[in-house]
**Q** 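This is the structure I want to talk about, given as structure tokens.
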Amino acid sequence: MARLRLGVLISGRGSNLAALIAASAHPHYPAEVGFVISNREGAPGLRIAGEAGIAHAVLGGRDASAFAREADLLLRRAGVNLVCLAGFMRILEAGFVEAWRDRMINIHPSLLPAFQGLNAQRQALEAGVRFSGCTVHFVRAEVDKGPIIAQGVVPVREEEDEEALSARILELEHRLYPLAVRLIAEGRVRIAGAKTSIAGASAPEFAFTNPSEERLVSATF
Ligand code: GRF
């Protein structure tokens, strides 16, 4: 079966791009990164693309509609079937979002719909939640909204700062994004209204608490 061809949109560091490239290197992984676009000149992720021999382009200094027009053309020319936003910090024009509807996904560092927008990890710490994590979802016109494909959970540790929590969530992002792409590439993701269902997926049965019950029990009795 032909591999799904990914177009990855970045603005900065590119560690999720690197995770997708690493996954593509496995011969049985059903997707490959075919093209990378950055809206920022000098984004470190561009070097990652270059070193991996992946075609890439910078579309900086354009208004939203020029960006959308040129990005659309480049992605189509490169034969991209799925657009992956990976730390892409620019609002996309509605027409672009519509053109790639159900063929464009995003990763966000929280358990959506909690903590949408910027600084999601800081928002989680300020809210005092015991769990946060990351979400991969289909992109809709509203930022950080859209049918959820997969989520990963990270317990928030007491005394943890934003940097430490972000690093632990990011580690999980690097596993979750390739997993979500694989599910799509295998044709297992069906969109039903505001939700998706995943054929053949299983959820762990175990529910756990933070702080952990075990520790509380042994400390108390
Ligand atoms: C990630 O935390 C991602 O969830 C968010 O932006 C960050 C991008 O990091 N959307 P990187 O550029 O992939 O390293």
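Numbers here simply count residues along the sequence, with the first being 1. Atoms within a ligand are numbered from 1 in the order they appear, just like the ligands themselves.
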**Q** Supply the members, apart from Phe131, of the Ile/Leu/Val/Met/Phe/Trp/Tyr cluster built from side-chain contacts under 4.5 Å; use none for a lone residue.
**A**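 Other cluster members: Leu111, Val153, Phe206, Phe208.
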
**Q** Is any side-chain heavy atom of Met89 closer than 4.5 Å to a side-chain heavy atom of Arg40?
**A**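 Contact flag for Met89/Arg40 side chains = yes.
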
**Q** Under the salt bridge (Lys or Arg N to Asp or Glu O under 4.0 Å) rule, collect the residues that match up with Arg188, sequence neighbours excluded.
**A**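 With neighbours one apart ignored, the set is Glu186.
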
**Q** Test of understanding: with salt bridge (Lys or Arg N to Asp or Glu O under 4.0 Å), list the residues that count as partners of Asp161, not counting sequence neighbours.
**A**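 Asp161 satisfies salt bridge (Lys or Arg N to Asp or Glu O under 4.0 Å) with no other residue.
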
**Q** Quick one: ligand 1 N/O to protein N/O pairs below 3.5 Å?
**A**
{"unit_1": "ligand 1", "atom_1": "2 (O)", "unit_2": "Glu173", "atom_2": "OE1", "d": "3.2"}
{"unit_1": "ligand 1", "atom_1": "2 (O)", "unit_2": "Glu173", "atom_2": "OE2", "d": "3.0"}
{"unit_1": "ligand 1", "atom_1": "4 (O)", "unit_2": "Ile107", "atom_2": "O", "d": "3.4"}
{"unit_1": "ligand 1", "atom_1": "4 (O)", "unit_2": "Glu173", "atom_2": "OE1", "d": "2.7"}
{"unit_1": "ligand 1", "atom_1": "4 (O)", "unit_2": "Glu173", "atom_2": "OE2", "d": "3.3"}
{"unit_1": "ligand 1", "atom_1": "9 (O)", "unit_2": "Arg13", "atom_2": "NH2", "d": "3.0"}
{"unit_1": "ligand 1", "atom_1": "10 (N)", "unit_2": "Ile107", "atom_2": "O", "d": "3.0"}
{"unit_1": "ligand 1", "atom_1": "12 (O)", "unit_2": "Gly14", "atom_2": "N", "d": "2.8"}
{"unit_1": "ligand 1", "atom_1": "13 (O)", "unit_2": "Ser15", "atom_2": "N", "d": "3.3"}
{"unit_1": "ligand 1", "atom_1": "13 (O)", "unit_2": "Asn16", "atom_2": "N", "d": "2.9"}
{"unit_1": "ligand 1", "atom_1": "13 (O)", "unit_2": "Asn16", "atom_2": "ND2", "d": "2.9"}
{"unit_1": "ligand 1", "atom_1": "14 (O)", "unit_2": "Arg13", "atom_2": "NE", "d": "2.6"}
{"unit_1": "ligand 1", "atom_1": "14 (O)", "unit_2": "Arg13", "atom_2": "NH2", "d": "3.2"}
{"unit_1": "ligand 1", "atom_1": "14 (O)", "unit_2": "Ser15", "atom_2": "N", "d": "2.8"}
{"unit_1": "ligand 1", "atom_1": "14 (O)", "unit_2": "Ser15", "atom_2": "OG", "d": "2.5"}

**Q** Any side-chain donor paired with an acceptor under 3.5 Å for Ser38 and His56?
**A**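 Absent: no donor and acceptor within the cut-off.
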
**Q** Let me check something: do Ile169 and Leu85 share a hydrophobic cluster, defined by ILVMFWY side-chain heavy atoms less than 4.5 Å apart, either directly or through other members?
**A**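 No.
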
